[in-house]
Number of protein chains: 2
Amino acid sequence: MRNLQIKITIGPEHYIKNPEFTSLGKNIVSKSIEMIDELGFESFTFKKLGTVIGSNESSIYRYFESKHSLLVYLISWYWSWIEYKLVFSTMNVDDPKIRLSTCLSILTEDIHEDNSISFINEVLLHKIIIAESSKAYHTKDIDKENEKGYYKTYKRVVHRVGKIVLEINPEFEFPNMLVSTVIEGAHHQRYFSKHLPSLTDVEEGKNNIVRFYKDLVFKTIK
Amino acid sequence: MRNLQIKITIGPEHYIKNPEFTSLGKNIVSKSIEMIDELGFESFTFKKLGTVIGSNESSIYRYFESKHSLLVYLISWYWSWIEYKLVFSTMNVDDPKIRLSTCLSILTEDIHEDNSISFINEVLLHKIIIAESSKAYHTKDIDKENEKGYYKTYKRVVHRVGKIVLEINPEFEFPNMLVSTVIEGAHHQRYFSKHLPSLTDVEEGKNNIVRFYKDLVFKTIK
DNA sequence: TTTTTTTAATAGTATTACTTTCATTATATT
DNA sequence: AATATAATGAAAGTAATACTATTAAAAAAA
């Protein structure tokens, strides 16, 4: 896993101009991650970002058509990165149970190390996914955006892990529900553990979120 | 359950002036539900609401300090109403397994009948909870608001059902995680089934969401 | 070197989420 | 019925947001 130079490719539906190809573009993306984490998505603006990176609001709009689509870009990047991790860490594993267990770890564990795959800080991005990603799809435009393929990387991850569930138990009726419940649940639990801790049973250093969801999945599909 | 005249009381931390006590107040609340459902929370404004109810923006601000706190009020009302349903439908039931099963139905089922307990349309409110409630607590102000007690009705629901889980299996380590996973999960699945259906395994008229979560819970706590 | 592309600077727009002030209209009290 | 008090409405104002449009300067490509 460590220090591999891999390339995560984001489809052109997410930007006007690919930010990966210019230093301004990379700056926009990497600084926006820091700022969204720090200010929250609502208080983050392209104007503030422009000031911080020594550029102009109007230049940022040449890369992303709105601040909403920048958020969707980041989310898409995140799920592509997760998908890469899933593929990489299960490709030589035959036993589907071990493969599922590994996937569940990746989907539910905390990220506290920035592997610096690129100009993107994965630790902060993970925090953004937890705190802000639900805002991306809870929009009146969701159906239109879904048609444009905005959420396809996320769906791909769910389906991939759902298939492993079916390898273990082909009779199981709800593989996608189970996987999406685990993914969203784990993010919720991490958010709650910081802000509404009585809604969780998280204890410092005990990895309860991962343990809870692994146990839940294997019991449920049996 | 039917047609009972019960009273749901919302704490004063949620409003400047209690909307239940005036006809303008009741109008604000009931029309806001319709408009948030129709427009989405982002496009809903107090100005538009004022126009629709034949009143003025500034008058609405005398009831709620912001549109955000109106949303939190609605969410709090919803959870108080759910808590009432939980209490009412389990109070004469001894077997904790049956009690848990009943609670899980209430927490995961769809609401398609407006019992008109009051000026609040529960069908639309349920839709708002599914589509908008995550925006209420994904704020930078969450900790401050939590201290003020904004989320206590939600927490009470989770803890109440968590206790039933412990009655069935006192050794179970994660009752609150399990219950909050089910609650949030069921809402997610209902949203996904409408907008990103491939993330679910919902089939028309088969009640899969309720079945899935009940099965999951009973297997997990065994 | 010239052309083309990219970026910066500035200004502008409609809207939002409020706040303030003041007049009017109900309601309650005497 | 007269008066005091509280609730509402109308209007104007504010700072900020989420953009768009225009034009000029700088950088890169031909």
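No experiment lies behind these values; they were computed from the predicted model shown. Quick note on labels: first sequence line is chain A, next is B, and so on, each numbered from 1.
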**Request:** Go along nucleotides 14-30 of chain D 5' to 3' and tag each nucleotide: B for a protein heavy atom under 4.0 Å from its base, S when only backbone or sugar atoms are that close, - otherwise.
**Result:** ---SSBBBB--------
**Request:** For A/S76 and A/K152, test the side chains for any donor-to-acceptor distance below 3.5 angstrom and give the result as yes or no.
**Result:** no
**Item:** Separation of C/dT16 P from B/M35 CE (nearest whole Å)
**Value:** 11 Å
**Request:** Round to a whole Å and report the spacing from NZ of B/K17 to C1' of D/dA6.
**Result:** 8 Å
**Message:** How many whole angstroms separate atom CD1 of A/I16 from atom P of C/dT7?
**Reply:** 12 Å
**Message:** Angle between ring planes, A/Y191 versus B/Y137, binned at 30° and 60°: parallel, tilted or perpendicular?
**Reply:** tilted
**Prompt:** Just how far, in rounded Å, is P of D/dA7 from OH of B/Y15?
**Reply:** 14 Å
**Asked** Are side-chain heavy atoms of A/K47 and A/I60 found at a separation under 4.5 Å?
**Response** no
**Prompt:** Rounding to a whole Å, what distance do you find between A/F21:CZ and C/dT5:C1'?
**Reply:** 16 Å
**Message:** Base, sugar-phosphate or nothing for B/G54? Non-hydrogen atoms, less than 4.0 Å.
**Reply:** sugar-phosphate
**Message:** For B/E184, run the side chain to side chain donor-acceptor pair (under 3.5 Å) check against A/H187, A/Q189, A/H188 and tell me which one passes.
**Reply:** A/H188
**Item:** Rounded interatomic separation in angstrom, taking CZ from B/F64 and P from D/dA7
**Value:** 15 Å
**Prompt:** What is the distance from CD1 of A/I53 to C1' of C/dT6, rounded to the nearest Å?
**Reply:** 14 Å
**Prompt:** Are the side chain of B/K17 and the backbone N or O of B/T22 linked by a donor-acceptor pair below 3.5 Å?
**Reply:** no
**Message:** If I take atom CD1 in residue A/I60 and atom C1' in nucleotide C/dA9, what distance separates them, rounded to the nearest angstrom?
**Reply:** 14 Å
**Request:** Using modelled atom types only, decide if a donor and an acceptor are shared between the side chain of B/S180 and the backbone of A/L199 within a distance under 3.5 Å.
**Result:** yes
